Participant: 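Structure provided below as structure tokens; questions to follow.
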Amino acid sequence: MHKSAKDLAALIPPGFTLGVATAAFQIEGALDEDGRGKSGWEVFAAKPGMIIDDHSPAVSTDHYHRMPQDVALLKQLGVDSYRFSFSWPRIQPGGTGPVNRAGLAFYDRLLDELLANGISPMATIYHWDTPLELDEAGGWMNRDMAYRLGEYAGLVADAFGDRVARWVTINEPATVSANGYSLGVHSPGKELALGAFPTVHHQLLGHGLAVQALRAAGVPGEIGMTNVYSPMVPNSINPLDKLSAGLMDLGQNRLYADPVLTGKYPDLIRAAKFFSSFEHPEEDMQIISQPLDFYGLNYYMPTKVAVGPGSGAVPPSMAEAMGSDLNAGGGATPFHVEAWPEADITAYGWPVKPEYMAVALKEMAERYPNLPPVIITEGGASFEDIIVRDKSTNTRFIPDERRLKYISDHLEAALKATAPGGEAESVDLRGYYVWSFLDNFEWSAGYKQPFGLLHVDFETLERTPKASYFWFQELIEERDLALAADAAIAQAVVPEVLDGSEAPDDGAALGASA
């Protein structure tokens, strides 16, 4: 059983953000409308066999045309904040040159709708939808790509800087490098193995240049970046398993966080000869490691690592799990991912281990003494949804108890870990965003992996709130009630009057504050 909404709400500190997240390419559709350019992802998705069942992102949830209705559902949900991404090819077709005014107009309308409904916008500048022309020029293997991202960041800062409360420069560079350039299961479909390492530095440089552009534009909103984080756990007490987990941690977590938060790559990375592609001007590191207002963690699961190439028993869907299928490449890797036999698993085959949320936060606190405030920018789970129809009322209900429990347990673990006395109490945790607001195009998995609080019928495009939607709504309501009660109590405590006259009694104070 999970905690009740009321009990969990009691753990939420004042100022903590409860939100939901999406990404442009996964929900918007309308890929050929209003001057939008092509992205590498839609070309990749059109290749037979690259997307499960050859699902197409052409329409997806049709958010581009249904945005006002979706914002109304956000309002009904009651969230503090909505994390979305700008579509680079919709705003700057081709990735260079002038803006597309129709593209800007769509996000103008979205931001105005959000603010009119009391929802704080968190905008991601780059969530993987690279303009096709830039992909064809080498994508993130090309250093120039970093400068194109910086230029694009300046464009969106000038257009929307007055209305965005939080900015994410780049989403999950680890996934882009691993799945897009090393394993080839995401766009642009490169299978470069270790040859993909230049994409790491170029993405981090692009992040830094985007930070510079936002600050040059004087945006008042907070600025950060986000990466996926998975605690690496040795499969056994075998020292080689421990070494393997450490290497995996290096490549998945520290390779991306260390440069941003410490100004240098891990020592082993800099010493290894095959990372010679990391040679770069020293000033790059100053750009990459500029101070941030927050650091975003996308947390889904821990990873169990063992030495050797493995037996290939890891579910194929684990390749979607942030590039952690180390059995890819015909068993040629020196270590591999092991299953967690005792754990519940999601539809993706990911282990459900909420206690490792606390481990992730603790590791971040220990590694980075100057860690800025942290926001969990994504957390959620895909499970097969069963639709229950009431024939008497012709209504539908989706009892997604497992997703509800996943979100509840992980949020509880994060709140307890960062509370006074918790194992990561030094972490200033500022919020939790559920992935995802609605079912969407889940990259190579197409529409087979539903993460949403809202079910989407991809034939009719009808939205149906799931049980998790109503639970999250209740959680927010209980949080608001608790905060209002605390505020009323605080107002009822009247300080002594400086001239010595008597303060009103409690009843009078309560009456005055009503």
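Since the structure is predicted, the reported quantities are computational estimates derived from the model, not experimental observations.
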Participant: Applying ring pair (Phe, Tyr, Trp, His ring centres under 6.0 Å), name anything that partners H455, two or more places apart in sequence or on another chain.
Facilitator: none
Participant: Assess, by modelled atom type and distance only, whether the side chains of S177 and Q203 contain a donor and an acceptor separated by less than 3.5 Å.
Facilitator: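 Per modelled atom types, S177 and Q203 side chains form a pair under 3.5 Å.
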Participant: Determine the minimum heavy-atom distance between E459 and D457, stating which atoms define it.
Facilitator: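 Looking at all heavy atoms of both residues, the shortest contact is N-OD1, 2.8 Å.
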Participant: Check Y295 against L261 and note the closest heavy-atom contact, atom names and distance.
Facilitator: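 For Y295 versus L261, the nearest heavy atoms are CD1-CD2, 3.9 Å.
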Participant: Under the rule for side chain to side chain contact (heavy atoms under 4.5 Å, CB included), what residues qualify as partners of A213, not counting sequence neighbours?
Facilitator: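 Once residues adjacent in sequence are excluded, the partners of A213 under the side chain to side chain contact (heavy atoms under 4.5 Å, CB included) criterion are A153.
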Participant: Does E42 reach the main-chain N or O of S39 with its side chain, forming a donor-acceptor pair under 3.5 Å?
Facilitator: yes
Participant: Have a look at V164 and tell me which of I223, L111, V219 forms a side chain to side chain contact (heavy atoms under 4.5 Å, CB included) with it.
Facilitator: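 Among the candidates, only L111 passes.
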Participant: Would you sort out whether K6 and E478 count as a salt bridge (Lys or Arg N to Asp or Glu O under 4.0 Å), showing the intermediate values?
Facilitator: CA-CA 5 Å; K6 183 174 183 178; E478 290 289 352; 5.4 Å; no
Participant: What pairs with L115 under side chain to side chain contact (heavy atoms under 4.5 Å, CB included), at least two apart in sequence or on another chain?
Facilitator: P121, R163
Participant: Should R396 and E462 be marked as a salt bridge (Lys or Arg N to Asp or Glu O under 4.0 Å) after you check the CA-CA gap, both sets of side-chain angles, and the distance that decides it?
Facilitator: CA-CA 11 Å; R396 306 192 304 173; E462 179 182 1; 3.7 Å; yes
Participant: Quick one: pull up CG in D284 and OG in S289 and give me the separation to the nearest 0.5 Å.
Facilitator: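 With rounding to 0.5 Å, CG (D284) is 10.5 Å from OG (S289).
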Participant: For the backbone of A174 and the side chain of N227, can you confirm whether one donor and one acceptor N or O come within less than 3.5 Å of each other?
Facilitator: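 Checked: pair present.
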Participant: Sequence neighbours excluded, which residues qualify as ring pair (Phe, Tyr, Trp, His ring centres under 6.0 Å) partners of Y368?
Facilitator: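 Not a single residue meets the ring pair (Phe, Tyr, Trp, His ring centres under 6.0 Å) criterion with Y368.
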Participant: Less than 4.0 Å between a side-chain N and a carboxylate O, is that true for R463 and D439?
Facilitator: no
Participant: Can you tell me how far CD of Q69 sits from CG of L74, rounded to the nearest 0.5 angstrom?
Facilitator: 12.0 Å
Participant: Applying side-chain hydrogen bond (donor to acceptor under 3.5 Å, both in side chains), which residue pairs with at least one partner in residues 205-215 are found, sequence neighbours left out?
Facilitator: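 Pairs touching residues 205-215 that pass the test: T169-H207.
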Participant: Indicate whether any N or O donor in one side chain lies under 3.5 Å from an N or O acceptor in the other, for Q92 and N100.
Facilitator: no
Participant: Residues two or more places apart in sequence or in another chain: which of them pass ring pair (Phe, Tyr, Trp, His ring centres under 6.0 Å) with F44?
Facilitator: W41
Participant: My understanding is that only residues two or more places apart in sequence, or in another chain, count here; which of them pass side chain to side chain contact (heavy atoms under 4.5 Å, CB included) with A424?
Facilitator: L361, K362, A417, T418, V427
Participant: Might you confirm whether atom NZ of K38 has over 12 heavy atoms from other residues, nucleotides or ligands at distances under 6.0 Å?
Facilitator: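 No.
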Participant: Kindly indicate, with the supporting measurements, whether the criterion salt bridge (Lys or Arg N to Asp or Glu O under 4.0 Å) is fulfilled by R430 and D428.
Facilitator: CA-CA 6 Å; R430 297 283 180 89; D428 181 4; 2.7 Å; yes
Participant: Checking E477 now: which residues fulfil salt bridge (Lys or Arg N to Asp or Glu O under 4.0 Å) with it, not counting sequence neighbours?
Facilitator: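 Counting only residues at least two positions away or on another chain, E477 forms no salt bridge (Lys or Arg N to Asp or Glu O under 4.0 Å).
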Participant: Got a sec, which residues hit salt bridge (Lys or Arg N to Asp or Glu O under 4.0 Å) with R402, two or more places apart in sequence or on another chain?
Facilitator: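 Expected list: D344.
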Participant: For the residue pair F86 and F84, does the interplanar ring angle fall in the parallel (under 30°), tilted (30 to 60°) or perpendicular (over 60°) class?
Facilitator: perpendicular
Participant: Who pairs with D80 by salt bridge (Lys or Arg N to Asp or Glu O under 4.0 Å), at least two apart in sequence or on another chain?
Facilitator: R479
Participant: Show every salt bridge (charged side-chain N to carboxylate O under 4.0 Å, His left out) that has at least one partner inside residues 12-31, sequence neighbours left out.
Facilitator: E28-R90
Participant: Is a salt bridge present between E401 and K405, judged by a nitrogen-to-oxygen distance below 4.0 Å?
Facilitator: no
Participant: Between S60 and Y64, do the side chains contain a donor N or O and an acceptor N or O under 3.5 Å apart?
Facilitator: no
Participant: Testing the 3.5 Å rule here: is there a donor-acceptor pair between the side chains of T22 and Y82?
Facilitator: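 There is such a pair (donor and acceptor under 3.5 Å, judged by atom type) between the side chains of T22 and Y82.
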Participant: Would you call R148 and D144 a salt bridge, using N to O less than 4.0 angstrom?
Facilitator: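 Counted as a salt bridge, because a side-chain N and a carboxylate O are separated by less than 4.0 Å.
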Participant: Is a side-chain donor or acceptor of R83 paired with a backbone partner of G19 at a separation under 3.5 angstrom?
Facilitator: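 Not a single qualifying donor-acceptor pair exists.
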Participant: Against T377, only a single residue in N298, T124, N171 fulfils side-chain hydrogen bond (donor to acceptor under 3.5 Å, both in side chains); can you say which?
Facilitator: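 Of the listed residues N298, T124, N171, the side-chain hydrogen bond (donor to acceptor under 3.5 Å, both in side chains) partner of T377 is N298.
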Participant: Kindly determine whether W167 and F160 satisfy ring pair (Phe, Tyr, Trp, His ring centres under 6.0 Å), including the steps that lead there.
Facilitator: CA-CA 11 Å; W167 296 86; F160 311 119; 7.7 Å; no
Participant: Considering non-hydrogen atoms only, spot the tightest contact between L454 and K466 and give its length.
Facilitator: C-CE, 3.7 Å
Participant: At their closest point, which heavy atom of P57 faces which heavy atom of A45, and how far apart are they?
Facilitator: CD-CB, 3.9 Å
Participant: For the residue pair F458 and Y447, is the inter-centroid distance of their aromatic rings smaller than 6.0 Å?
Facilitator: yes
Participant: Using 30° and 60° as the class limits, which term best fits the ring planes of F25 and W443: parallel, tilted or perpendicular?
Facilitator: parallel
Participant: Checking K190 now: which residues fulfil salt bridge (Lys or Arg N to Asp or Glu O under 4.0 Å) with it, not counting sequence neighbours?
Facilitator: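 Residues passing salt bridge (Lys or Arg N to Asp or Glu O under 4.0 Å) with K190: none at all.
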Participant: Minimum heavy-atom separation for L461 to V59, with atom names?
Facilitator: CD1-CG1, 4.1 Å
Participant: Might you point out which heavy atoms bring R403 and A381 nearest each other, and give the distance in Å?
Facilitator: NE-O, 3.1 Å
Participant: Could you measure the distance from the CE atom of M357 to the NE2 atom of H410? Nearest 0.5 Å is fine.
Facilitator: 6.0 Å
Participant: Just one of L149, I125, V156, L155 clears the side chain to side chain contact (heavy atoms under 4.5 Å, CB included) bar with W88, so which one?
Facilitator: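 Answer to the side chain to side chain contact (heavy atoms under 4.5 Å, CB included) test with W88 among L149, I125, V156, L155: L149.
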Participant: Please walk me through it: do R66 and D62 pass salt bridge (Lys or Arg N to Asp or Glu O under 4.0 Å)?
Facilitator: CA-CA 6 Å; R66 298 165 186 260; D62 196 33; 3.1 Å; yes
Participant: How about E384: does its CD atom have over 12 heavy atoms from other parts shown lying under 6.0 Å from it?
Facilitator: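 No - once you tally the heavy atoms of other residues, nucleotides and ligands closer than 6.0 Å, there are 12 at most.
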